[in-house]
Structure formats: C-alpha cells, structure tokens
Amino acid sequence: MPHLVRSTCPYDCPDACGLLVEVEGGRAVAVRGDPEHPFNRGTLCPKMNRYQDTVHSVNRLLRPLERVGPKGSGEFRPISWEAAVERIASTWSQILAKHGGEAILPYSYAGTMGLVQRNAGHAFFHRLGASRLDRTICSPAKDAGWKAVMGDTLAPHPDVALESDLIVLWGINAVATNIHFVDRVKRARAAGAEVWVVDTYETPTAALADRLVLTRPGSDGALALGMMHVMARDGMVDRDFIRGNVQGFEDLEAEILPAYSPERVASLTGLGADVVVALARRFGTARAPFIRLGHGLSRYANGAMTVRTIVCLPAASGAWARPGGGCLSSTSSAQAFDLGEVTREDLLPRATRVVNMNRLGHALTELDPPVMSLYVYASNPAAVAPDQNAVLRGLARPDLFTVVHERFLTDTARFADVVLPATTSLEHHDLYRAYGHYCLQRVAPAIPPQGQAKPNWEVFQLLAAAMGFDDPIFRAEAPELIDRLLATPSPLREGIDLAALSAGRAVELHLPDDARTRWRTPSGRIEILNPRLKEKLPTWIPTYEDQGKLPFRLMTGPSTYSLNSTFMERKDLLRKQKGMRLKMNPDDAAARDLRDGRRVVAFNGLGEATFLLEVTRRAPRGVVVAEGVFWLDHVPGKRNVNVLTSQRLTDEAGGSTFYDNRVDVRGD
Ligand SMILES: Nc1nc2c(c(=O)[nH]1)N[C@H]1C(S)=C(S)[C@@H](COP(=O)(O)OP(=O)(O)OC[C@H]3O[C@@H](n4cnc5c(=O)[nH]c(N)nc54)[C@H](O)[C@@H]3O)O[C@H]1N2
Ligand SMILES: Nc1nc2c(c(=O)[nH]1)N[C@H]1C(S)=C(S)[C@@H](COP(=O)(O)OP(=O)(O)OC[C@H]3O[C@@H](n4cnc5c(=O)[nH]c(N)nc54)[C@H](O)[C@@H]3O)O[C@H]1N2
Ligand SMILES: [Mo]
C-alpha cells in the first residue's frame, strides 16, 4: 500500500508549493499538490506534476565520477566516495599550500531553496578561507530598489490582492513563474478587479489582462515617473497619506516630475502620450491598486532605480492605506531566521576576496591571482551564467580543478574533474520558506537516497573531516541545523503552530498587525527621498543597450516548462518547449527574409546561438524573445541564449543584466 508524505517543492520559484508524495516500496510513485497548503491549495504547475520522473530518472547521477576524457567531453569513470573525497582534500591541501585559500572558489545558487542544503557550503568555505561568492544572479537590484523606498518593511501577504480593484502584473510572467498568484488574480477579476500586464512582449500572462502595456525594454522607470507627473498635476495623489507617511514626495514633485511630461515619457517608453495619461488616471483613481512586481525589469543597467521608482507609486496614490492596495515585490525576508547559524561568517579567518557570480567568466579567465579550483553545487553556471563563451573558456582550463555536486550530468558537470551525486529534495531534510508567500515548512525525507547520492550538507561534513576541521558545526546533522534556525528569535515566528511544523505541515508566519502601517525605514516614513543614496530622489537613468547598435533588444524570459536550466532532464517537458526558439515580429522577419520555423543565428560581439525562428505578433518590432535556459548539450552549436548576455552589472548591488543586451539575427 502506498503511503503519503508531505514535502515542499524545492525549486527557485515564489510559490514554494506544498506537495503530497505517494511512496511505495521506497519509491515516489506520484506527486500532487497538498490541498491543505495555504498557498497552492492542492494544485501544481505543469513541471512538478510528475516530479517522480525527475527523482527516479534513468539519467540521475548515482555514483561519484572521475574524469577520463577531455574537459567538457562527459567521459568519466566511477570512483568510490572515499576516493573522491580524498582526491578533493589532497588537491585542495596542495592549492592551499601553494596559492592560499582564495584560489578556491565555491559557486552555488538556488538549485534547491531549502535553507540548510542551499547554504550548506558556507560554513565550510568560510573555514577554508576560500574566495567568497557574491550571489547576485537573480534579485539584488530588485531588492535594493525596494529597500531604497521601503527599508525593511515586509511585503503584503499575496491574498491582499483579492481585495484590490486594479491588479498590475508588472514585469512578471506569472503564468510561468507564479502560477498560484494567478489564481488570486482570477478570483479578484471575477469579483470586479481590472488586470493590467506591463511587459516588453506578449507573454502567456498577457491573456489575463484587461489592458496589456508593452514598454520599451528598461523604460518602466520613466513610465512610473510619467504616471506620477500626471497624478500630481491632475490632483490624484493622496496628500493626506503623504503628509502622514511619506518623505520627499514634494521634492520629487518639484525637482524631478516636471521633466516627465507624458510627451517625454512617450519618447522614452514607446507608448503614446495619451496612453501614459490614461494609465496614470486609471491608477490614480483606483481605490486600491495592487502591483505584483517581477524580476524582469530589474535586470538592466537601471534595474534598481526602475524598481525604486515603481515602488513610489502606491505611496503617491495612498494605496497602502486601503485594503487591497500596495506592492508585492518579494516576501523573502531575512527577518524570519538568523541564517548565520548555518552560514557562519564567524569561521572566516579574515575578509577574503569577493567574486561576483555574474562575472564567473572573468573570474575564471582573468582574475589575478587566479582561481585554481571551483566547487559547484546547486547551480549550472555553464548554462545560466552570462557571457557563456568566457565561462566555458574558464571551465576548459586544464589547470582548473573543478568539482561539481549534481543530480544530473549538466553542462557544468561535463567540465568537472570530480562529479559527486546529489540527492533530490525527496531524499533529504530541509526547512523551506518562500519568496511569494509567508509559509514555512519543515521537510523530512520521503524516500532513501538513490544510489550513492548524498545531500549537500553531508558532503560538506565529509570534506570538513577530510580537511581536519574539527569545529562542532560540522558534526551537527541537518535536522539539528534546522532546530538551530528555529531557535533563533524572530517576531515573525511568534505563536506559529510548532506541532504542525514538526509534523511537516506548512504554517504561515505571523505578520505583525501594523506591518502595513509602520514603515521600517530609518526615518519611519516611506522614503521617496532617501538621503543615504547617491541619487537622493528617484530619477530616470538609461540602460546599457549592450553591444551598441545592433537592431534587436534581446528578451530572455522564463519558460513555462522549465525553471532556469532545471527540468531540462525531462523529455516530456522538453518536447513541450518545441526546441530553443526565438520569437520575432513578422515585419522584422519580412525585412530580413526570414521565415517561421527556419533555423536562425542570433549574434553580437560576445558570441552566437542557433534558434528556431517563431514569427509572431507577440514580439513587438525591434524585440526578439528567447524563453528558457537550455542545456547546451541539447542545442545546435552547443550554445544557449547566455552566449549573448554580458557580464555587466546593475546600477546597485551588482545584479545581472540579462535583459539589457542587443543582437542581430541572420539565417543559418
Ligand atoms: N516556469 C518557470 N518558473 C520560474 C522560473 C523559470 O525559469 N520558469 N524562474 C524562477 C526564478 S529563478 C525567478 S527569479 C522567477 C522570475 O520570475 P519573474 O518575476 O516573472 O521574472 P523574470 O523571469 O525575470 O521576467 C519576467 C518578465 O519580465 C519581462 N521584462 C523584461 N524586461 C522588462 C522591462 O523592461 N519592463 C517590463 N515591464 N517587463 C520586462 C520579461 O519579458 C518577462 O516576461 O521565476 C521563477 N519561476
Ligand atoms: N538568459 C537568462 N539566464 C538566466 C536567467 C534568465 O532569466 N535568462 N535567470 C537567472 C536566474 S533568475 C537565476 S536564479 C539563475 C539560476 O541559476 P541556477 O541556480 O544555476 O539554476 P538552475 O539552472 O536551475 O540549476 C540548478 C542546478 O542545481 C541542481 N540541484 C538541484 N537540487 C540540488 C541539490 O539539492 N544539491 C545539488 N548539489 N544540486 C542540486 C539541479 O540539478 C540543477 O542542475 O539563472 C539565471 N540565468
Ligand atoms: Mo531567479
């Protein structure tokens, strides 16, 4: 008889869904949504419905491997765990003696979101004195933009949107990336709310919209300033709310907004001036507009500033004061735990150098003194990191000792000297929180580790022992680390149902009653004027439009059937993606005599990649769109969209600029 085990979807997605796993004979035979989970309430996305196919895939790595062929060839032979750990420890000891700890670089991101397994290497690499990785590939500019205005103010609960009369899905392809929020949007719409989608092309999410607004890539900050210009001019700002809660709206009005007339904003955004006015009026007169802000618009040279400017809108309109109003950027807050219990910065012998993960290509090919060893876990940089040719050149270096801990033989794993097999989330302990809602879930294994796979934390325990590190933390097992996280004080966890948490159920964090009226900024007010920043007031700054004068802006959006490069092991989902495609407007295609379904090459100064052309009005003129981060091994030319993206960083916080690139396109 199968039995049911509760679990959490481990992937990097705002929904962090509750799962019910049907287990029979030590195998997961079915996975469905947990009907008792407050956010996903029993449903799952198309990717997770057959999670058991990932867990029990014939392509799982089940034994440690050692490279026998050239780097990148994927030729390996099995070795024992003892031999693998011994080889890593002895190579690192030599590197430490000859080059020092900073010659070793850990590279990890969010293959799993569990707080223990995701952060499992930090204590070890701190103790080792390795170079530190600045984990900036995803959202630092977005977070900086929010923080500039709102400080540590918690984002509203996603269910607040149910009471809104105008939901704006801004730079988010929610049908692909936040599907259970879409359920809230549909319910609000059924109750009378209007829905806008603001994007750069017609995504699947556009089908939800009463109004689709397509801006020129990277111009949304100008749109937000134009909206506030009109709202101020036409008496649609909430002066009472501003007086009581906001710092600096008057300065913005006097110093910045005059330059953002609808006509000027039209020229910056590509929208008609009449459209800018109409959007401003509708937003300004809505009772409780709710903005759900995605990541797309933050991955530009002006990303943090764009987010900062948009976050001013609900302050100007006073939306925060009304049930249903506000802005949800991210619910992930450090405030629920002290992660220091796991990350252990205190073990660092001294402040070692910091490497920005978006500049891995540079780090592996140009950094001086050089990186001599790379340890990758929970990430696939050969596919996901920008400037792919530089990354691959680095990974191919014969003198670089690379270790990859993975579930599958990814593009990165193919370049490893030693490959270690990793467990899936159904095989290890962890604690999950989300970045699109406020649930917390503690998860125990549903099935035993497959083959000889090991969880991240266990591997670092082995490596610590082999390196002779006797700090007590390395003897603590994963459940104990979870207990320690849960023992750190936090008002957000006050009064939560600990018995339910221990039993593996999702529980909601406790949002303070004044979370939406007490602004957690240094001044205690919403800081439209932030005196601590170089630009004290939000303003417009241009994008890079990288690679100069090439004709197309390149959008690299999420795909509904994969998650970054995860799920590419699943043939069923891969078929649904119908190949690595490039969407192009029919007029642009006609001008180049390119036909639908043809192979085309997109190129710029960084490299080129081969796509199947999809000619569609969903892409505006001058914009081409590539959804999904494909495995190089699956595509012609063995390069994906990231051969076209640059290592340049955002205005604040060193974020990625995946959307701020230009390309040209030719027939193959
Ligand atoms: N199915 C699926 N789900 C995922 C992911 C996935 O790859 N696939 N990725 C996961 C991860 S790691 C993350 S961070 C989240 C990201 O999920 P989202 O928050 O949706 O963010 P992005 O994927 O960066 O981009 C979202 C949208 O921004 C648009 N966009 C780009 N530039 C601009 C602009 O200048 N203005 C406007 N208005 N829109 C713009 C893009 O066209 C895209 O539709 O999703 C997670 N969930
Ligand atoms: N062009 C372009 N590039 C992008 C993006 C984009 O929108 N466009 N999105 C960017 C964003 S938002 C992000 S967050 C990054 C994501 O970049 P990554 O975090 O590297 O994400 P994935 O490609 O999903 O790779 C995660 C890997 O972790 C492995 N893994 C899963 N669980 C475990 C585990 O428990 N242990 C170990 N050791 N491994 C595990 C998986 O098998 C998978 O190969 O990509 C970025 N790259
Ligand atoms: Mo991300």
Side-chain angles (χ1 to χ4, degrees), residues 10-15 45-47 54 61 107-114 117-118 120 135 137-139 142 169-179 197-201 203-206 213-221 223 292-300 303 306 357-358 376-381 383-386 404-408 410-413 420-425 427-428 430 435-436 453-456 459 543 553-569 623 625-629 631 640-642 644-645 656 658-661:
Y11 292 124
D12 185 353
C13 169
D15 290 21
C45 71
K47 308 182 292 305
T54 293
L61 291 168
Y107 191 98
S108 71
Y109 200 63
T112 171
M113 293 292 282
Q117 307 299 349
R118 178 182 182 177
R135 291 175 171 78
I137 203 164
C138 182
S139 60
K142 189 185 185 204
L169 297 167
W170 202 324
I172 183 167
N173 182 1
V175 165
T177 63
N178 195 189
I179 185 76
V197 168
V198 188
D199 207 295
T200 50
Y201 76 101
T203 63
T205 304
V213 182
L214 296 186
T215 59
R216 186 173 294 152
S219 72
D220 302 64
L223 174 58
R292 178 69 175 100
L293 195 55
H295 294 71
L297 45 76
S298 72
R299 298 194 182 121
Y300 290 85
T306 297
M357 73 188 298
N358 297 312
V376 182
Y377 65 103
S379 184
N380 183 15
V384 304
V404 178
H405 184 208
E406 248 300 344
R407 308 176 312 164
F408 295 100
T410 57
D411 299 304
T412 311
L420 304 172
T423 43
T424 68
S425 63
E427 299 152 54
H428 55 235
D430 223 325
Y435 62 94
K454 290 189 190 294
N456 298 351
V459 177
T543 59
R553 304 296 299 260
L554 173 67
M555 295 293 106
T556 76
S559 156
T560 309
Y561 300 109
S562 56
L563 189 138
N564 305 317
S565 79
T566 293
F567 292 107
M568 292 296 173
E569 77 283 355
V623 173
V625 184
E627 291 173 352
V629 180
W631 278 3
N640 72 20
V641 67
N642 278 325
L644 304 166
T645 58
S656 57
F658 284 115
Y659 292 84
D660 203 351
N661 299 278

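Each ligand, and each atom within it, is numbered from 1 in the order the structure gives. Quick caveat: nothing in here was measured; it's all calculated off a predicted structure.
- Polar contact check, Ser219 against ligand 1: no nitrogen or oxygen pair lies under 3.5 Å apart.
- When hydrogens are left out, the protein atom nearest atom 37 (C) of ligand 1 is Asp220 OD2, 3.5 Å; that is the closest non-hydrogen contact.
- Proximity annotation for atom 12 (S) of ligand 2: of Arg299, Met113, Met357, His295, Arg299 comes nearest, heavy atoms only.
- Nearest-heavy-atom check against atom 28 (O) of ligand 2 across Ala378, Ser108, Pro10 picks out Ala378.
- For the pair Ala176 and ligand 1, the shortest N or O to N or O distance falls below 3.5 Å.
- When Lys454, His428, Glu406 are checked for heavy-atom proximity to atom 27 (C) of ligand 2, Glu406 turns out nearest.
- Ligand 2 places these atoms under 4.0 Å from at least one heavy atom of Leu563: 24 (O).
- For a threshold of 3.5 Å applied to N or O pairs, the pair formed by Gly296 and ligand 1 contains at least one separation below that value.
- Among Gly436, Gly218, Cys13, the residue whose heavy atom lies closest to atom 35 (O) of ligand 1 is Gly218.
- Contact atoms of ligand 1 toward Asn173: 20 (O), 26 (C), 27 (C), 44 (O) (distance under 4.0 Å to a heavy atom of the residue).
- Atom CD of Glu627 is separated from atom OH of Tyr561 by 10.5 Å, given to the nearest 0.5 angstrom.
- The shortest N or O to N or O distance between Arg216 and ligand 1 is not below 3.5 Å.
- For the pair Thr215 and Thr200, the minimum side-chain heavy-atom distance is below 4.5 Å.
- Heavy-atom proximity to Pro217, at under 4.0 Å, picks out these atoms of ligand 1: 35 (O).
- Between Asn640 and ligand 2 there is no heavy-atom distance shorter than 4.0 Å.
- For the pair Gly557 and ligand 1, the shortest N or O to N or O distance does not fall below 3.5 Å.
- Residues satisfying the side-chain hydrogen bond (donor to acceptor under 3.5 Å, both in side chains) test with Thr203, not counting sequence neighbours, are none.
- At the shortest separation from atom 26 (C) of ligand 1 among protein heavy atoms lies Gly171 O, 3.2 Å.
- Contact annotation for Thr560 and ligand 1: only backbone heavy atoms (N, CA, C, O) come within less than 4.0 Å of the ligand.
- Taking 4.5 Å as the limit, some side-chain heavy atom of Leu563 sits within range of a side-chain heavy atom of Lys47.
- Aromatic pair Phe567/Tyr11: centroids less than 6.0 angstrom apart.
- Here is the list of ligand 1 atoms found below 4.0 Å of a heavy atom in Gly294: 19 (O).
- Atoms of ligand 1 found under 4.0 Å from any heavy atom of Trp170, numbered from 1 in the order shown, are 38 (N).
- Not close to ligand 1: Tyr109, with no non-hydrogen atom less than 4.0 angstrom away.
- The protein atom (non-hydrogen) at minimum distance from atom 43 (C) of ligand 1 is Asp199 OD2, 3.5 Å.
- Polar contact with ligand 1: absent for Tyr201 (N/O pair, distance under 3.5 Å).
- Nearest protein neighbour of atom 32 (N) of ligand 1, counting heavy atoms only, is Tyr300 OH, 2.8 Å.
- At the shortest separation from atom 8 (N) of ligand 1 among protein heavy atoms lies Ser562 O, 2.6 Å.
- Contact annotation: the side chain of Ser108 never approaches that of Met357 to less than 4.5 Å [non-hydrogen atoms, C-beta and beyond].
- Considering only heavy atoms from C-beta on, Tyr659 stays 4.5 Å or farther from Ser298 through its side chain.
- With ligand atoms numbered from 1 in the order given, ligand 2 contributes 20 (O), 25 (O) to contacts under 4.0 Å with heavy atoms of Asn380.
- Among protein heavy atoms, atom 14 (S) of ligand 1 sits closest to Cys138 SG, 3.0 Å.
- For atom 15 (C) of ligand 1, the closest non-hydrogen atom on the protein side is Tyr435 OH, 3.8 Å.
- Every atom of ligand 2 with a heavy atom of Val641 under 4.0 Å away is listed here by number and element: 1 (N).
- Side-chain contact, Asp220 with Thr306: no donor N or O sits under 3.5 Å from an acceptor N or O.
- Here the CG atom belonging to Asn173 is positioned 3.5 Å from the OG1 atom belonging to Thr205, to the nearest 0.5 angstrom.
- Of the polar atoms of Asn642, at least one N or O is found under 3.5 Å from an N or O of ligand 2, judged by distance alone.
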Thr54 vs Glu569, side chain to side chain donor-acceptor pair (under 3.5 Å): CA-CA, chis, key distance, verdict:
CA-CA 7 Å; Thr54 293; Glu569 77 283 355; 2.9 Å; yes
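- Nearest approach of Asp411 to Asn380, heavy atoms of both residues: N-OD1, 3.9 Å.
- Taking a 4.0 Å cut-off on heavy atoms, Gln117 fails to register as neighbouring ligand 2.
- Of the polar atoms of Tyr11, none of the N or O atoms is found under 3.5 Å from an N or O of ligand 2, judged by distance alone.
- Residue-level proximity to ligand 1 for Thr203 is carried by the side chain, the only part with a heavy atom below 4.0 angstrom.
- The aromatic rings of His295 and Tyr435 stand perpendicular to each other, their planes meeting at an angle above 60°, with 30° marking the opposite boundary.
- Summarising the geometry, atom OG belonging to Ser559 is positioned 6.0 Å from atom CE belonging to Met568; distances are rounded to the nearest 0.5 Å.
- Backbone and side-chain nitrogen or oxygen atoms of Pro381 are examined, and none is located within less than 3.5 angstrom of a nitrogen or oxygen of ligand 2.
- At least one cation-pi condition fails for Arg553 and Tyr201: the charged atom is not both under 6.0 angstrom from the six-membered ring centre and inside a 45 degree cone around its axis.
- Contacts between Ala422 and ligand 2, counted as non-hydrogen atom pairs separated by less than 4.0 Å, involve the side chain only.
- The residue among Ser565, Pro558, Ala174, Ser559 with a heavy atom at the shortest distance from atom 1 (N) of ligand 1 is Ser559.
- Protein heavy atom closest to atom 40 (C) of ligand 1, with residue, atom name and distance, is Thr200 CG2, 3.7 Å.
- Within ligand 2, counting atoms from 1 as listed, the ones closer than 4.0 Å to a heavy atom of Thr410 are 44 (O).
- Distances shorter than 4.0 angstrom do not occur between any heavy atom of Ala383 and any atom of ligand 2.
- Annotation: the span from Arg299 atom CZ to Met555 atom CE amounts to 11.5 Å, rounded to 0.5 Å.
- Remark: among candidates Leu554, Val384, Thr566, Thr177, the nearest residue to atom 17 (O) of ligand 2 is Val384, based on non-hydrogen atoms.
- Ligand 1 is never approached by Phe658 to a heavy-atom distance shorter than 4.0 Å.
- Annotation for ligand 2: atoms under 4.0 Å from non-hydrogen atoms of Asp12 are 14 (S).
- Comparing Thr556, Leu420, Leu644, Thr645 against atom 2 (C) of ligand 2, the shortest heavy-atom distance belongs to Thr556.
- The shortest side-chain heavy-atom distance between Trp631 and Phe408 falls under the 4.5 Å cut-off.
- Residue contacts with ligand 1, taken as heavy atom pairs separated by less than 4.0 Å, do not involve Tyr561 at all.
- Against a heavy-atom cut-off of under 4.0 Å, Lys47 is close to the following atoms of ligand 1: 1 (N).
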